[in-house]
Structures are given as C-alpha cells and as structure tokens.
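A short write-up of the structure that comes next.
Nothing fancy with the numbering, it's 1 onward along the sequence.
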Amino acid sequence: MSGKLERSQRVVLIYDGQCPVCRKTIAWIRENMRKDAFEMLTCQAEEARQRFPDIKQAVCMQAMQLVLPDGQVLAGEKALPEILKRLKRFSPAAALFALPGSEVISRSFYRWFADNRYHIAEVLFPEKKKDK
C-alpha cells in the first residue's frame, strides 16, 4: 500500500470520541499509518450514524468498529490485526494474532481494557484539578 489510497480503499475506524485513551490511540494511529489508510469517525458523530446505520452507538461504546472496504465490520480485538497491517512500522506485529491462543488472550484483554478504559484514562492522563 504505497501512495495515497482512494477513499473506497480506506478502512473506517469508528471509536469512542469521549474516551481519552481512545483519542490518544487514534492520534498514535494517525502518526503511524500508511498514507490515508484510515478514515476516523467517532461513534458520537452524526456522519457515523448516517453512513453506518447498522453500527449502533451502544455497540460502538463497547468496542471500536473497523469497516473494511468490502463493508465487513470487525469489532474490538478482531479489528487489531487489520489496524496493524495498515501501519508503517508495525504491520509485522499483525502476525502475532495468528499464533495459537492469541484469539482468547486478545479477546480477554481487549474486553477488560475496553470495560475499564475510563478508569485507565484517569490513571494515565489525570486531569489537573483547578483551585476554586
């Protein structure tokens, strides 16, 4: 995948735009992705609801959704290998998801992380308290 991709070849990554960890992850993906490999939409965006009416916001709040060019939707940990494949230096890491047992491990870890992402964000990115 070299050069600029046509919009129809890009994948659409739909994520929780209110989650600090998700926003930082999206920024990291943007910095490391192959040119125009992704289109990013928050699940709170009207555009996401209009273009992908089958992806309900409640589902998106449980796990990121990756819409492939053929319309297939991969959720949560199933999206991770496809995301890695579209990154410049990290694409070889996608092969790790083909190892025996990786599906169980990635599913368990992703579910735990997704369920706790707001608490994790408080630890990783504490907001400065303003004096009143």
Side-chain angles (χ1 to χ4, degrees):
M1 282 192 223
S2 61
K4 190 173 181 173
L5 295 176
E6 296 296 322
R7 183 175 180 166
S8 63
Q9 295 175 307
R10 289 187 284 173
V11 295
V12 180
L13 182 56
I14 304 173
Y15 65 98
D16 177 4
Q18 296 174 343
C19 169
V21 174
C22 302
R23 289 192 312 265
K24 296 270 187 189
T25 301
I26 293 301
W28 181 84
I29 289 171
R30 280 192 171 117
E31 290 173 13
N32 291 285
M33 70 182 192
R34 293 187 173 131
K35 188 166 180 72
D36 294 328
F38 293 90
E39 179 181 354
M40 316 292 197
L41 293 173
T42 67
C43 55
Q44 293 86 2
E46 182 63 30
E47 182 180 356
R49 289 189 290 278
Q50 288 178 357
R51 286 179 55 197
F52 306 103
D54 292 341
I55 300 175
K56 302 300 180 206
Q57 187 170 349
V59 171
C60 180
M61 293 298 288
Q62 295 297 312
M64 67 180 161
Q65 307 291 306
L66 187 70
V67 184
L68 300 178
D70 66 0
Q72 180 184 5
V73 178
L74 302 174
E77 78 284 349
K78 292 184 190 293
L80 295 174
E82 290 298 323
I83 291 170
L84 289 169
K85 287 177 188 176
R86 290 164 173 80
L87 301 178
K88 293 175 203 165
R89 296 179 299 270
F90 300 93
S91 58
L96 296 173
F97 289 86
L99 294 174
S102 64
E103 186 176 328
V104 171
I105 293 167
S106 65
R107 181 177 46 247
S108 298
F109 178 77
Y110 186 90
R111 187 73 274 132
W112 173 84
F113 192 90
D115 289 346
N116 294 289
R117 68 188 183 276
Y118 283 92
H119 299 296
I120 292 167
E122 289 174 8
V123 172
L124 293 178
F125 317 113
E127 291 185 26
K128 295 179 181 172
K129 303 289 183 198
K130 294 182 182 178
D131 294 330
K132 293 187 178 183

Could you report the tightest heavy-atom contact between Leu66 and Ala79, atom names first, then the distance?
CB-CB, 3.7 Å

Rounded to the nearest 0.5 Å, what separation is found between the CD1 atom of Ile14 and the CZ atom of Arg49?
11.0 Å

Pair Ile29, Glu31 - check side-chain contact (heavy atoms from CB on, under 4.5 Å), show working.
CA-CA 5 Å; Ile29 289 171; Glu31 290 173 13; over 6 Å; no

Is there side-chain contact between Phe52 and Leu41, with heavy atoms separated by less than 4.5 Å?
yes

Short question: side chain of Ser102, backbone of Leu99 - any donor-acceptor pair under 3.5 Å?
yes

Mind checking the CG-CD1 spacing from Asn32 to Ile83? Nearest 0.5 Å is all I need.
12.5 Å

Value for CZ (Phe97) from OG (Ser106), rounded to nearest 0.5 Å, stands at 5.5 Å

Return each pair, listed once, that meets salt bridge (Lys or Arg N to Asp or Glu O under 4.0 Å) where at least one residue sits in residues 105-114; pairs must be two or more places apart or across chains.
Glu103-Arg107, Arg111-Asp115

Mind checking whether Leu87 and Lys85 have side chains closer than 4.5 Å, heavy atoms only?
no

Spatial distance of atom NZ (Lys35) from atom CZ (Arg10) [nearest 0.5 Å]:
10.5 Å

Evaluate the criterion salt bridge (charged side-chain N to carboxylate O under 4.0 Å, His left out) for residue pair Glu39 and Arg51; output intermediate values, then yes/no.
CA-CA 12 Å; Glu39 179 181 354; Arg51 286 179 55 197; 2.4 Å; yes

Is it true that Arg23 and Asp16 make a salt bridge, defined as a side-chain N closer than 4.0 Å to a carboxylate O?
no

Report whether Val59 and Tyr118 are members of the same hydrophobic cluster (ILVMFWY, side-chain heavy atoms less than 4.5 Å apart, transitive linking).
no

With rounding to the nearest 0.5 Å, note down the distance linking CE in Met64 to SG in Cys43.
12.5 Å

So, for Thr42 and Ala48, which heavy atoms are closest and what is the spacing to 0.1 Å?
O-CB, 3.4 Å

With rounding to the nearest 0.5 angstrom, report the CG to CE distance, Leu13 to Met33.
10.5 Å

Atom of Tyr15, atom of Cys22 and distance for their closest heavy-atom approach
CD1-CB, 4.2 Å

Please name all residues satisfying ring-ring contact (aromatic ring centres under 6.0 Å, His included) with Phe90, sequence neighbours left out, ordered by chain then number.
Trp28

Strictly distance-based, threshold 3.5 Å: is any side-chain N or O of Gln65 a donor or acceptor partner for the main-chain N or O of Ala63?
yes

Hydrophobic cluster identity match, Trp112 and Leu124, side-chain contacts under 4.5 Å
yes

Whether Arg30 side chain and Met40 backbone form a donor-acceptor pair below 3.5 Å
no

Going only through I, L, V, M, F, W and Y residues with side-chain contacts under 4.5 Å, is there a path from Leu84 to Leu74?
yes

Do side-chain atoms of Gln44 reach the backbone of Gly17 as a donor and acceptor pair under 3.5 angstrom?
yes

Answer yes or no: is there a side-chain heavy-atom contact under 4.5 Å between Arg86 and Arg34?
no

Can you list the steps and then say if Lys78 with Tyr110 is a side-chain contact (heavy atoms from CB on, under 4.5 Å)?
CA-CA 10 Å; Lys78 292 184 190 293; Tyr110 186 90; over 6 Å; no

Do you reckon Val67 sits in the same ILVMFWY cluster as Val11, going by side-chain contacts under 4.5 Å, direct or chained?
no

